[in-house]
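Report on the following structure.
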Amino acid sequence: MFHEIPTQRPSTPLLDSIDLPGQLRALPAERLPELANELREYLLYSVGQSGGHFGAGLGVVELTVALHYVYNTPDDLLVWDVGHQAYPHKILTGRRERMPAIRSKEGPSPFPKRSESPFDTFGVGHSSTSISVALGMAMAAKQQGKDKKVAAIIGDGAMTAGMAFEALNHAGHVGSDMLVILNDNDMSISENVGALNKYFARILSSKTYASMREGSRKVLSRIPPIWEFARKTEEHMKGFISPGILFEELGFNYIGPIDGHDLPTLIKTLSNMRDLKGPQFLHVMTKKGKGFLPAENDPIKYHALNPQTASATPAPKKLSFSNIFGQWLCDMAAQDEKLIGITPAMREGSDMVKFSELFPSRYVDVAIAEQHAVTLAAGMACEGLKPVVAIYSTFLQRGYDQLVHDVALQNLDVTFAIDRAGVVGADGPTHAGAYDISFMRCIPNMVIMAPSDENQCRQMLYTAYQFKGPAAVRYPRGNADGTVPEKTMQLMPMGKGEIRRQGEKVAILAFGPLLHEALKAAESINATVADMRFVKPIDGELIQQLASQHSLLVTIEDNAIMGGAGSAVNEYLAQAGIQVACLNLGIPDSYIEHASQQQQWAEMGLDAAGIIAAVQKRQH
């Protein structure tokens, strides 16, 4: 058991001899616990250096070792869900020495990525995709006559999404040879599924049992009453010792739960199940944060870790936009008992912890079910409640049809607090909110606001909440200028921006937090800067005014250029018949890889230096 994060690279002689899983498979089985211990210690060290997802990886050390020991990777295919749990996998597949730089511009991706390694079979980052992917791979292998084993590893949280059950339902229907491993780290193994259950797991997963089962099926199926009795007996036996009857009904052969930290049992069970025909389901119980006492005691706090520094006096933490939302939500709920706060399993990330404690009856966590979250809010709005959906930009993508059809089409009064808009730094393109302006701007009835600072965020949330219809406030990860917003709440003039600096020739129209980079750039090129504030409705009067006084308009936003706020300005100018040069700056038509937010802005030319360079290039 580890109690502290190592600050020096630990001695891991066995792990250092493993560069690829083929070397792991050459080890005698009795040395695998030693390898697992070194892997856990190295994971602690490397994440301490880099920061990143933490608890889930510690919980699957033994499972990862067992999978690469039993399966002939990369010819056999392992599909990790989300990727929070894939750090040990990365360490064992040729990226060990690069792991202390993970999530940085120079280091590996924080999630499995096909272009990074042949052992990363699918690029992930969003939840609940693994079973669909694994089924697709298994069906492709069968179609092409290839002997590939396929396994999906999915967490209990990810199993709350409808997509996972859609895939289970289809897999049971087509009967493909595949294994789904449920990594259940939310419950402990109870007495009735302890040693007795381990025994049954070995029996039920063995080839002997499988052959007896098929032989009995052939014989007894000719005698319907006896066959039905035998089938029911087996079903009840499995139901008695395990909670797997649901998966059996979906067409899977369910095994477990088994202890996910017991390497011999894992290896024996996986070896038995690897060659079984048809859809297989293995239920594995693990402990999030296993082996690191603070993480075991507080798995939520240690879901992810910041880089560990030697500084004894860290700088005071500024309020993030998420914190501003959390404060506003509590203040607004105290004023209006109709307010309901809805989250798709992101209570901590969206800073709804205090709200959930102060207003438990008005806090709704729907689990990883973004589509349901949006339509649930629509139903509440129909009956006079005031739902506020707190959702990451990339997660709203999953509820797009519901946003269009269930909310906006019916002009229902739902407020969307869209977190993680724009590039998000170390999490990379899977979590970058690069498209929400583009996909919302085309929807009738929508109001879209983009705050440039913390106080503006609070006032916009209030304005969106008071608006009688669907309204969204999209704000970035982190903070702007670190100001503490006013406690009061005031309505902002609908669809109106404001000029923040007066200059000549060039006018920069800023949407959102990049206003501060625009203001820095404007000092060097003497440009006018407008804080546009609203993407929809857009401030046409202000655009006309700026176009009449300047020879070049420059739009800047932390959203895709294509279809974004700059496009809205272009469309307005074209419809109004106004001819003026216009330069659009934003996220280009490419994915921006993981780095710090500042590095990403610089790469895209959205920092002050980039804005100056773009303007000067256009003028010459």
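Source: prediction; values computed, not measured.
Counting only distance, with no hydrogens or angles, the side chain of Asp413 and the backbone of Lys468 share no donor-acceptor pair below 3.5 Å. Distance alone, capped at 3.5 Å, is enough to place a donor-acceptor pair between the Gln459 side chain and the Gln490 backbone. Within the 3.5 Å criterion, the main-chain N or O of Phe321 finds no donor-acceptor partner in the side chain of Glu454. Side-chain N or O atoms of Glu370 include none that pairs as donor or acceptor with a backbone N or O of Gly399 at under 3.5 Å. Panel note: side chain Asn445, backbone Ala408; a donor-acceptor pair is recorded below 3.5 Å. Counting only distance, with no hydrogens or angles, the side chain of His405 and the backbone of Asp401 share no donor-acceptor pair below 3.5 Å. Within the 3.5 Å criterion, the main-chain N or O of Met492 finds a donor-acceptor partner in the side chain of Thr463. Side-chain atoms of Gln402 never come within 3.5 Å of backbone atoms of Gln371 as a donor-acceptor pair (strictly under, hydrogens ignored). Although no hydrogens or angles enter the test, the distance criterion places no donor-acceptor pair under 3.5 Å between the side chain of Arg441 and the main chain of Val535. One N or O on the side chain of Lys90 and one on the backbone of Ser109 form a donor-acceptor pair closer than 3.5 Å.
In this structure, Tyr465 and Trp328 have perpendicular ring planes: the angle between them is above 60°, well past the 30° mark. Ring-plane geometry between Tyr42 and Tyr45 is classed as tilted, the angle between the planes lying from 30 to 60 degrees on a 0 to 90 degree scale.
The two atoms that bring Gln545 and Ser548 nearest to each other are O-OG, 2.7 Å, heavy atoms only. Of all the heavy atoms in Arg458 and Pro485, the pair that sits closest is CD-CB, 4.0 Å. Of all heavy-atom pairs spanning Ala565 and Glu557, the tightest one is N-OE1, 2.7 Å. Nearest heavy atoms, Ile154 versus Ala158: CG1-CB, 3.5 Å. The two atoms that bring Ala464 and Val473 nearest to each other are CB-CG2, 3.8 Å, heavy atoms only. Scanning both residues, Thr430 and Asp427, for their nearest heavy atoms gives OG1-O, 3.5 Å.
In summary, the side chains of Asp453 and His516 do not present any donor paired with an acceptor at a separation below 3.5 Å, with no hydrogens or angles considered. A donor-acceptor contact closer than 3.5 angstrom is absent between the side chains of Asn479 and Ser320. There is no side-chain donor-acceptor pair under 3.5 Å between Arg96 and Ser46. Between the side chains of Thr343 and Asp365, no donor-acceptor pair of N or O atoms lies under 3.5 Å. Residues Thr528 and Gln502 have side chains that bring a donor and an acceptor to within less than 3.5 angstrom of each other. Side-chain contact of Gln599 with Ser596: a donor-acceptor pair under 3.5 Å is present, judged by distance alone. For Asp81 and Ser128, the side-chain atoms include no donor-acceptor pair closer than 3.5 Å.
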>> Walk me through whether Ile611 and Leu606 qualify under side chain to side chain contact (heavy atoms under 4.5 Å, CB included).
In response: CA-CA 6 Å; Ile611 297 169; Leu606 300 182; 5.8 Å; no
>> side chain to side chain contact (heavy atoms under 4.5 Å, CB included), that's the test. Do Thr415 and Val389 meet it? Break it down for me.
In response: CA-CA 6 Å; Thr415 299; Val389 179; over 6 Å; no
>> Would Ile543 and Leu573 count as a side chain to side chain contact (heavy atoms under 4.5 Å, CB included) here? Give the steps.
In response: CA-CA 8 Å; Ile543 294 172; Leu573 291 170; 3.7 Å; yes
> Can you list the steps and then say if Glu116 with Arg98 is a salt bridge (Lys or Arg N to Asp or Glu O under 4.0 Å)?
Replying inline: CA-CA 12 Å; Glu116 187 177 287; Arg98 297 180 63 211; 5.3 Å; no
> Can you check side chain to side chain contact (heavy atoms under 4.5 Å, CB included) on Val79 and Ile153, steps first, answer last?
Replying inline: CA-CA 6 Å; Val79 185; Ile153 305 95; 5.9 Å; no
>> Checking Glu517 against Lys520 for the salt bridge (Lys or Arg N to Asp or Glu O under 4.0 Å) test, could you report, in this order, the C-alpha distance in whole Å, the side-chain angles of both residues, the deciding distance, and whether it holds?
In response: CA-CA 5 Å; Glu517 297 296 324; Lys520 293 176 191 174; 3.4 Å; yes
>> Run the side chain to side chain donor-acceptor pair (under 3.5 Å) test on Ser350 and Asp419 for me, step by step, so that the C-alpha distance in whole Å, both residues' side-chain angles and the decisive distance to 0.1 Å come before the verdict.
In response: CA-CA 7 Å; Ser350 295; Asp419 203 339; 4.6 Å; no
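Applying the side-chain hydrogen bond (donor to acceptor under 3.5 Å, both in side chains) test to every pair with at least one member in residues 531-544, sequence neighbours left out, gives these pairs: Ser452-Asp531, Gln456-Asp531, Lys496-Glu541, Arg500-Asp531, Gln544-Tyr572.
Annotation: Phe111 is not in aromatic contact with His594 [ring centroid separation under 6.0 Å not met].
One finds the CG atom of Leu319 at 4.5 Å from the CD1 atom of Ile324 (value rounded to the nearest 0.5 Å). Between the CG atom in Leu43 and the CG atom in Leu58 there is a gap of 5.0 Å [rounded to 0.5 Å]. Rounded to the nearest 0.5 Å, atoms OH (Tyr363) and CG (Leu339) are 13.5 Å apart. Remark: Met532 CE to Leu515 CG distance equals 11.5 Å, nearest 0.5 Å. With values rounded to the nearest 0.5 angstrom, Ser117 atom OG is found 6.0 Å from His89 atom NE2. The CZ atom of Phe325 lies 8.0 Å from the CZ atom of Phe355; values are rounded to the nearest 0.5 Å.
Under the 4.5 Å side-chain criterion, counting only non-hydrogen atoms from C-beta, Leu461 is not in contact with Met489. Side-chain contact between Ser132 and Met163 is present, with heavy atoms from C-beta onward closer than 4.5 Å. Counting heavy atoms from C-beta outward, Ile342 and Val366 have side chains that approach closer than 4.5 Å. The side-chain heavy atoms of Ile556 and Phe511, taken from C-beta on, include no pair separated by under 4.5 Å. Using a 4.5 Å heavy-atom cutoff, the side chains of Ile418 and Tyr392 are not in contact. With contacts defined as side-chain heavy-atom distances shorter than 4.5 Å, the pair Ile587/Ile561 does not qualify.
In summary, Asp558 and Arg474 engage in a salt bridge, as defined by a charged side-chain N under 4.0 Å from a carboxylate O. Remark: Arg9 does not engage Glu41 in a salt bridge, criterion side-chain N to carboxylate O under 4.0 Å. Ion pairing of Asp120 with Arg114 is absent here, as no side-chain N (NZ or NE/NH1/NH2) approaches a carboxylate O to less than 4.0 Å.
Summarising the local packing, CE of Met562 is surrounded by 12 or fewer heavy atoms from other residues, nucleotides or ligands at distances under 6.0 Å. Residue-environment remark: NZ (Lys505) stays at or below the threshold of 12 foreign heavy atoms within 6.0 Å.
For Thr93, the side chain to side chain donor-acceptor pair (under 3.5 Å) test picks out Arg95, with sequence neighbours left out. With sequence neighbours excluded, the residues satisfying side chain to side chain donor-acceptor pair (under 3.5 Å) with Asp351 are Asn323.
Checked against Tyr400 for a ring pair (Phe, Tyr, Trp, His ring centres under 6.0 Å), the options Phe439, Tyr435, Phe416 give a single hit: Phe439.
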